[in-house]
K.L.:
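Dropping the structure in here first, questions after.
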Amino acid sequence: MDLHILDHRLRVISISKSGLVNFTHPLIKLIFLRNRTRCKFFSLTETPENYTVVLDEEGFKELQPSEHLQVENSIWLPLNVVSNGNASSSSQAVGVTKIAKSVIAPLAQQHVSVFMLSTYQTDFILVREKDLSVVISSLEEEFNIYREVGGESVPVLCQDVSSCLQKNGKEAIQPTVHPVLIPQNQFCVMSLDPDTLPSIATTLIDVLFYSSSPKEDAQSSPGQDLDCIKFFSFSLIDGYISLVMDTEAQRQFPADLLFTSSSGELWRMVRIGGHPLGFDECGIVAQISQPLAESDISAYYISTFSFDHALVPEEDIVSVTDMLQHQRKEPATS
């Protein structure tokens, strides 16, 4: 398989719910007027706590400093796995499951923090720019690694990267097993022809900026499953649009414009974290993705500023819940 280091330098930020009014103009510009900006990588995800925005440096220039804006200090680089076409099975799992063992687990063992963004089209593994040498040295045996430079894919060798010794290569520790919540929403992973984006502009603006969940107060009970959770994700990356929404939000959009896979499957969410996770802890994605990969269960994974979210097929949610509960009860092994 090939691993591509994409030609984007990304920032991860949080906008508070109360401060959203200060950013609606630049966000609408980034979503609907992409020809007015140089931004090529933009993702906006609403959760009960805040809005998480992942965007490149050109997009970041559109957002003015504010007390309502939190910026993670690091520059993040998106990695993308490209299969060589030899599918391992006829029913190959999708999303983060495919890359759990080959990418996520080795990086967790090297104490490299990752930020995941699954879309309708592909999965992006974001790593800090300062960790790139460790990433390359950890994965070069498994992958042919390329770096996009000016639209061209250039092979990367370990000796091309300064200080390619595994700086983080201390003895691996067991990842912390965070609590998980299973809200009741059914979710859809969908896409949209960018040319039809103006046709849904009014609805999209309403869902993103004005509608509110009647059960947002449910987040105040972290010890139990949420009955319903506010979650909506929009990504516009290199010209491709991806949307993740629950079925209630989906009903507000014209059915003939949004499209999904031929099976039209519904997804359930596993929300990871009893409190905000932060960015420095390693192994959070591996905690979820590895057991799913071992069971060949498909999954999309979306990290946000405060919590992580995995989407699994609705028919697998019971087995996933049992699996994760069993994992929490197992004693850690060295």
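In this text the structure is predicted, and so the values were computed from the model without any measurement. The basis for the numbers below is simple: all heavy atoms, side chains too, and nothing from hydrogens, waters or symmetry mates.
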K.L.:
Side chains of His178 and Asp308: do they bring a donor and an acceptor to under 3.5 Å?
P.N.:
no
K.L.:
Rounded to the nearest 0.5 Å, how far apart are OG of Ser289 and CG of Asp123?
P.N.:
11.0 Å
K.L.:
Does Phe307 sit in a hydrophobic cluster with other residues, and if so which ones, taking ILVMFWY side chains as linked at heavy-atom separations under 4.5 Å, directly or through other members?
P.N.:
none
K.L.:
Is it the case that more than 12 heavy atoms not belonging to Tyr240 sit under 6.0 Å from its OH atom?
P.N.:
no
K.L.:
List the residues meeting side-chain contact (heavy atoms from CB on, under 4.5 Å) with Asp246, not counting sequence neighbours, and say none if there are none.
P.N.:
Asn185, Phe187, Glu248, Ala249
K.L.:
Taking 4.0 angstrom as the limit, do Lys17 and Glu46 come out as a salt bridge?
P.N.:
yes
K.L.:
Does Ser66 use its side chain to pair, donor to acceptor, with the backbone of His68 at less than 3.5 Å?
P.N.:
yes
K.L.:
Output a table of donor-acceptor pairs, distance under 3.5 Å, between side-chain atoms of residues 189-208 and any protein atom two or more places apart or on a different chain; print 'none' if there are none.
P.N.:
from, atom 1, to, atom 2, distance (Å)
Ser191, OG, Gln121, NE2, 3.0
Ser191, OG, Ile241, O, 2.7
Asp193, OD1, Asp195, N, 2.9
Thr196, OG1, Asp193, O, 2.7

K.L.:
In terms of side-chain geometry, is the basic nitrogen of Lys29 or Glu62 positioned less than 4.0 Å from the acidic oxygen of its partner?
P.N.:
yes
K.L.:
Between Thr247 and Cys188, which heavy-atom pair has the shortest distance, and what is it?
P.N.:
CG2-SG, 3.9 Å
K.L.:
Could you list the cluster mates of Val149? Members are the ILVMFWY residues connected by side-chain heavy atoms closer than 4.5 Å, either directly or through other members.
P.N.:
Val154
K.L.:
Supply the atom-to-atom distance Leu236 CG to Arg34 CZ, rounded to the nearest 0.5 angstrom.
P.N.:
6.0 Å
K.L.:
Hey, what do you get for CD (Glu314) to CG (Leu266), rounding to the nearest 0.5 Å?
P.N.:
5.5 Å
K.L.:
What pair of heavy atoms forms the shortest contact from Ala310 to Ile288, and how long is it?
P.N.:
CB-CG2, 3.9 Å
K.L.:
The test is side-chain contact (heavy atoms from CB on, under 4.5 Å); show your working for Val54 and Phe115 and say whether it passes.
P.N.:
CA-CA 10 Å; Val54 182; Phe115 189 95; 3.8 Å; yes
K.L.:
Please report the interatomic distance CG(Asp56) to OG1(Thr37), rounded to the nearest 0.5 Å.
P.N.:
8.0 Å
K.L.:
Search all heavy atoms of Leu258 against all heavy atoms of Phe253 and return the closest pair with its distance.
P.N.:
CD1-CB, 3.5 Å
K.L.:
So, do Phe231 and His309 have ring centers that fall under 6.0 Å from each other?
P.N.:
yes
K.L.:
Are any of the side-chain heavy atoms of Leu3 and Asn144 separated by less than 4.5 Å?
P.N.:
no
K.L.:
Can you tell me if Asn80 and Thr122 form a side-chain donor-acceptor pair at under 3.5 Å?
P.N.:
yes
K.L.:
Is the ring pair Phe209/Tyr51 parallel, tilted or perpendicular, if the boundaries are 30 and 60 degrees?
P.N.:
tilted
K.L.:
Under 6.0 Å between ring centres: does that hold for Phe124 and Phe41?
P.N.:
yes
K.L.:
Looking at every non-hydrogen atom in both residues, tell me the closest pair between Glu148 and Ser153 and how far apart they are.
P.N.:
CG-OG, 4.2 Å
K.L.:
Within the distance-only criterion (no hydrogens, no angle test), does the side chain of Ser233 pair as donor or acceptor with the backbone N or O of Thr45 below 3.5 angstrom?
P.N.:
no
K.L.:
So if you build clusters from Ile, Leu, Val, Met, Phe, Trp, Tyr with side-chain heavy-atom gaps below 4.5 Å, do Ile13 and Val21 land together?
P.N.:
no
K.L.:
Can you run down the salt bridge (charged side-chain N to carboxylate O under 4.0 Å, His left out) pairs that involve residues 63-76, sequence neighbours left out, and say none if there aren't any?
P.N.:
Glu72-Arg128
K.L.:
Mind checking what makes salt bridge (Lys or Arg N to Asp or Glu O under 4.0 Å) contact with Arg38, not counting sequence neighbours?
P.N.:
none
K.L.:
In Å, rounded to the nearest 0.5 Å, how long is the span from CD of Gln70 to CG of Asn50?
P.N.:
7.5 Å
K.L.:
Looking only at non-hydrogen atoms, find the nearest pair between Ile104 and Ala286 and report the distance.
P.N.:
CG2-N, 3.7 Å
K.L.:
Ignoring hydrogens, what is the shortest heavy-atom contact between Glu49 and Ser306? Give both atom names and the distance.
P.N.:
CB-OG, 4.4 Å
K.L.:
Does Arg9 form a salt bridge (Lys or Arg N to Asp or Glu O under 4.0 Å) with Glu129? I'd like the steps, not just the answer.
P.N.:
CA-CA 8 Å; Arg9 301 179 77 240; Glu129 189 173 51; 2.8 Å; yes
K.L.:
How far does OG of Ser43 sit from CG of Leu10, to the nearest 0.5 angstrom?
P.N.:
10.0 Å
